[in-house]
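This report refers to the structure that appears directly beneath it.
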Amino acid sequence: GGGVRSRDSENVSVSNEQETDGVLCRWTDDLLYVSASQTPAERFLKAATRGFEEHGCVMNAGKTSTNFDGRGEQLSGSRKCVAWCGLLIDSETLECTVDYARYAGDRAREAVTTPRLAGGGGGG
């Protein structure tokens with residue numbers, strides 16, 4: 001999972017146009033929390049760190065990233081992007097790009113599906 005705090009609140013929209021604390025996105029067991037304010041993002045991170053025992057959900061700290069440090073300071077440079085489900089999400093613009101570093105080396109093979117040939121595909 002990851003957390004993004006966007007500096008530009010205009011980039012975070014909701015359908016009813018009312019102010020909200022943030023948006024929680026889930027893809028299988030990967031969570032992404034996006035907020036225009038750091039306080040709700042910190043609250044979500046604290047809750048996720050404690051876990052949700054009633055749901056059997058615990059956070060893997062090694063796979064967690066934020067664009068702010070634990071002292072409330074905004075990070076800059078390369079850490080302004082948060083990786084989530086093969087994407088890099090820019091915390092200033094919310095622009096999404098493919099995280100090609102994730103597919104470096106042999107891991108690229110895992111991302112490609114090829115059809116199996118009938119009969120095993122062996123030459124004759």
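Side-chain contact between Arg26 and Leu31 is present, with heavy atoms from C-beta onward closer than 4.5 Å. Inter-residue side-chain proximity for Cys25 and Trp84 is flagged as met; some heavy-atom pair is nearer than 4.5 Å.
Taking each heavy atom of Leu94 and Val34 in turn, the nearest pair found is CD2-CG1, 4.1 Å. Nearest heavy-atom pair, Cys81 versus Asp90, reported as atom, atom and distance to 0.1 Å: SG-CA, 3.9 Å.
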Just distance, no hydrogens or angles: give the donor-acceptor pairs under 3.5 Å from side chains in residues 46-59, sequence neighbours left out.
unit_1, atom_1, unit_2, atom_2, d
Thr49, OG1, Leu45, O, 2.7

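Here NZ of Lys63 is found 5.5 Å from CG of Asp30. Values are rounded to the nearest 0.5 Å. Distance check, rounded to the nearest 0.5 Å: CG of Leu32 to OG of Ser65 gives 9.0 Å.
When the side chain to side chain contact (heavy atoms under 4.5 Å, CB included) test is applied to Arg43, the partners found at least two apart in sequence or on another chain are Asp21, Thr39, Pro40. The side chain to side chain contact (heavy atoms under 4.5 Å, CB included) check on Thr97 picks up Leu88, Glu95, with sequence neighbours excluded.
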